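Notes follow the structure.
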Amino acid sequence: MRNWREKNQHLLIEVPEPFDFKVNLDYLQREPNECMYEIEADMITCVIEINHVRTLIRISAVDNEYIDIECLNGTMPKLLADKEAIVDYICDWFDLDTDLVPFYEMGCQDPLLKHPIESFYGLRNIGLNNLFEALCWGILGQQINLKYAYRLKRQFVEKFGDSLDYNDKKYWIFPSFDKISALTIDDLADIKMTTKKSEYIIDVAKLMKSGLLTKEKLLNFEDFKQAEQELTRIRGIGPWTANYVLMRCLRYPTAFPIDDVGLINAIKLLLGLERKPTKEEIRALSSNWTNWESYATFYLWRMLY
DNA sequence: AGCCAGGAGATTT
DNA sequence: AAATCTCATGGC
């Protein structure tokens with residue numbers, strides 16, 4: 001676990017090097033319709049669940065040396081284990097335990113990664129800690145533009161999620177698989193995702209409720225290919241969604257959504273191509289990214305959005 | 001107005 | 001196996 005300490009009801013986590021809080025904050029606030037957290041005055045406010053207790057936290061940075069976590073409403077847990085759980089959550093979310101130096105050493109000589117690395121130096125692969133949320137977000141976002149995907153997510157969250165109120169604002173908690181598993185397609189009808197997507201999301205919720213699909217299980221595979229296979233066996237989860245979730249939630253460094261249009265368009269942009277690169281061309285261009293495919297994808301996406 | 005969107009499953013060839 | 005169709009709505 002990273003070094004951290006408590007001071008005046010705040011938790012202070014030492015950040016790794018390289019890390020740039022502002023760059024990560026810019027990533028988090030790139031979408032105005034994001035509904036899972038609020039960002040104001042360089043502070044992130046959101047709800048996290050620690051041992052089934054909902055805690056409203058505010059995250060900021062102290063001179064880019066510490067990440068500062070304040071528990072609002074006097075919700076700082078008493079137990080050391082719960083404080084550590086908050087620290088763990090933040091380390092996971094901001095991917096603080098990955099040593100980025102080898103990525104930058106590789107990437108600074110890579111024709112595709114050179115520019116993104118210079119532009120977003122200190123950016124981490126910001127995660128989606130909640131597996132159900134990551135799966136829903138992946139399924140819901142298939143084959144639609146991102147703006148619309150964020151609208152669908154907001155509708156889904158505001159209809160089926162809970163929220164905490166603080167200073168006249170609502171802070172949302174992503175709907176639980178427990179709740180969604182009990183729904184029918186009709187319940188999801190006024191959220192305008194396709195009927196198929198509604199089916200897939202309810203089925204995934206049922207699978208998670210059954211206990212057959214857990215983060216622990218997906219993390220315990222030797223090889224990410226096995227985890228990928230475990231996911232793609234599920235209806236509605238193809239290679240793109242599987243790799244997206246393995247990258248953003250399970251954090252397999254070799255996860256690589258190679259068919260992603262964002263990745264394709266970022267490469268097209270960076271190389272100034274008239275047409276989209278083929279899959280074979282992308283394979284060739286990414287051949288030196290071994291064990292950093294996930295980070296490379298994240299940085300290339302950032303060039304577009 | 002018309003193509004495209006951070007795809008996947010089903011169907012046809 | 002590989003190509004094609006369908007889902008379906010909105011962004012630009």
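All values derive from a computational prediction rather than experimental measurement. Just so we're on the same page: letters track the sequence lines, and every chain starts at 1.
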Quiz item: Any side-chain donor paired with an acceptor under 3.5 Å for A:Tyr305 and A:Glu31?
Solution: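 Side chains of A:Tyr305 and A:Glu31: pair found under 3.5 Å.
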Once you round it to whole Å, what is the distance between [atom2] of [N] and [atom1] of [X]?
| X | N | atom1 | atom2 | result |
| --- | --- | --- | --- | --- |
| A:Glu31 | C:dG11 | CD | P | 11 Å |
| A:Lys197 | C:dC7 | NZ | P | 14 Å |
| A:Leu152 | C:dT9 | CG | C1' | 8 Å |
| A:Gln142 | B:dG7 | CD | P | 8 Å |
| A:Asn265 | C:dG11 | CG | C1' | 14 Å |
| A:Asn145 | B:dG2 | CG | C1' | 15 Å |
| A:Arg275 | B:dC4 | CZ | P | 16 Å |
| A:Lys147 | C:dC12 | NZ | P | 6 Å |

Quiz item: Which comes earlier along DNA chain C counting from the 5' end, the contact point of A:Met193 or that of A:Arg151, where each point is its nearest nucleotide?
Solution: A:Met193
Quiz prompt | Rounded distance in Å between the P positions of C:dC7 and B:dA1 | solution = 23 Å
Self-check item: P atoms of C:dA8 and B:dG2, separation to the nearest Å
Solution: 23 Å
Look at [X] and [N] and indicate whether a side-chain polar atom (N or O) is within less than 4.0 Å of OP1 or OP2.
| X | N | value |
| --- | --- | --- |
| A:Asn243 | B:dG7 | no |
| A:Thr241 | B:dA8 | yes |
| A:Lys276 | B:dA5 | yes |

Among [options], which nucleotide has an atom closest to any side-chain atom of [X]?
| X | options | answer |
| --- | --- | --- |
| A:Lys192 | C:dT9, B:dG9, C:dG11 | C:dT9 |
| A:Thr194 | C:dC7, B:dA8, B:dA5 | C:dC7 |
| A:Arg235 | C:dA8, B:dA5, B:dG9 | B:dG9 |

Give one of base, sugar-phosphate or nothing for [X], where a contact means two heavy atoms less than 4.0 Å apart.
| X | answer |
| --- | --- |
| A:Ile139 | nothing |
| A:Pro257 | nothing |
| A:Ile258 | nothing |
| A:Arg30 | base |
| A:Thr297 | nothing |

Quiz prompt | ring pair (Phe, Tyr, Trp, His ring centres under 6.0 Å) involving A:Phe221 - partner list, sequence neighbours excluded | solution = none
Below 4.5 Å, heavy atoms only, C-beta onward: do [X] and [Y] meet side chain to side chain?
| X | Y | answer |
| --- | --- | --- |
| A:Asp190 | A:Lys159 | yes |
| A:Ile180 | A:Met208 | no |
| A:Asn243 | A:Phe224 | yes |

Quiz item: Does A:Gln143 make a side-chain donor-acceptor contact with the base of B:dA5, cut-off 3.5 Å?
Solution: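 Counting by modelled atom types and ignoring angles, a donor-acceptor contact under 3.5 Å is found here.
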Practice problem: Starting from the C-alpha separation in whole Å, work towards a yes-or-no answer on side chain to side chain donor-acceptor pair (under 3.5 Å) for A:Glu293 and A:Ser286. | Solution: CA-CA 8 Å; A:Glu293 289 88 345; A:Ser286 62; over 6 Å; no
Quiz item: According to the interplanar angle, ranging from 0 to 90°, do the rings of A:Trp137 and A:Tyr150 count as parallel (below 30°), tilted (30 to 60°) or perpendicular (above 60°)?
Solution: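 A:Trp137 vs A:Tyr150 ring planes: tilted.
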Quiz prompt | Those residues of residues 223-230 of chain A lying under 4.0 Å from DNA chain C by at least one heavy atom | solution =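 Residues of residues 223-230 of chain A that come under 4.0 Å of DNA chain C do not exist, since none gets that close.
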Quiz prompt | Sequence neighbours excluded, every pair satisfying ring-ring contact (aromatic ring centres under 6.0 Å, His included) that has a member inside residues 101-129 of chain A | solution = A:Phe103-A:Trp292, A:Phe103-A:Tyr295, A:Phe103-A:Tyr299, A:Tyr104-A:Tyr121
Self-check item: 5'-most by nearest nucleotide on DNA chain B - A:Lys196 or A:Met247
Solution: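 The residue mapped nearer the 5' terminus is A:Met247.
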Quiz item: Would A:Ser198 and A:Met193 count as a side chain to side chain contact (heavy atoms under 4.5 Å, CB included) if you check the C-alpha gap in whole Å, the side-chain angles of each, and the deciding distance to 0.1 Å?
Solution: CA-CA 7 Å; A:Ser198 299; A:Met193 55 184 155; 3.8 Å; yes
